[in-house]
Amino acid sequence: GNAFHVFLHCPNCRSNLGPSIRDTVLLRKVDKYLKVDDDFRLSASELRVKHSLENDADIALAVKEARSRENDFFGDHADHDDTASFVTQDSYGHWGAWKGLKLI
């Protein structure tokens, strides 16, 4: 098929937003799949993702680096748990509903 690339750049400063979007998607998947205790509820595809997240060294490194970049961006918060992302259920559908941030 036809392949194309979409470049995600900030309209103001033209910086590349791709890495931060990939980090956000990765951390959301980690938070979603690793909290599931009952594997019977997951589809075969979701089980493969969960297994990869748990066992693949490259993915573990990518998650660690994504969390590090997230901590650098948001800063350290006393209520932050190192096993969870800043992306919370509250932030999935609402821009600006991030926990621990004050929006001005």
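For reference, positions follow the sequence shown, starting with 1. The analysis underlying the following values was restricted to heavy atoms, covering all of them including side chains, and did not include hydrogens, waters or symmetry mates.
- Residues L26 and A66 come closest through the heavy atom pair CD2-CB, 4.4 Å.
- Atoms CG and NZ, on L53 and K32 in that order, are 11.5 Å from each other to the nearest 0.5 Å.
- Taking the side-chain hydrogen bond (donor to acceptor under 3.5 Å, both in side chains) definition, one finds that D39 meets it with K50, sequence neighbours left out.
- In this structure, R67 pairs ionically with D31, as a charged nitrogen and a carboxylate oxygen lie closer than 4.0 Å.
- Proximity of R41 to E46: side-chain heavy atoms (C-beta onward) are nowhere separated by under 4.5 Å.
- Here the straight-line distance linking atom NE2 of H51 with atom OH of Y33 works out to 15.0 Å at 0.5 Å rounding.
- Counting heavy atoms from C-beta outward, E65 and D23 have side chains that stay 4.5 Å or more apart.
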Name the atoms and distances for all side-chain donor-acceptor pairs under 3.5 Å in residues 7-22, with sequence neighbours left out.
| unit_1 | atom_1 | unit_2 | atom_2 | d |
| --- | --- | --- | --- | --- |
| H9 | ND1 | R14 | O | 3.3 |
| N16 | OD1 | G18 | N | 2.9 |
| S20 | OG | L17 | O | 3.0 |

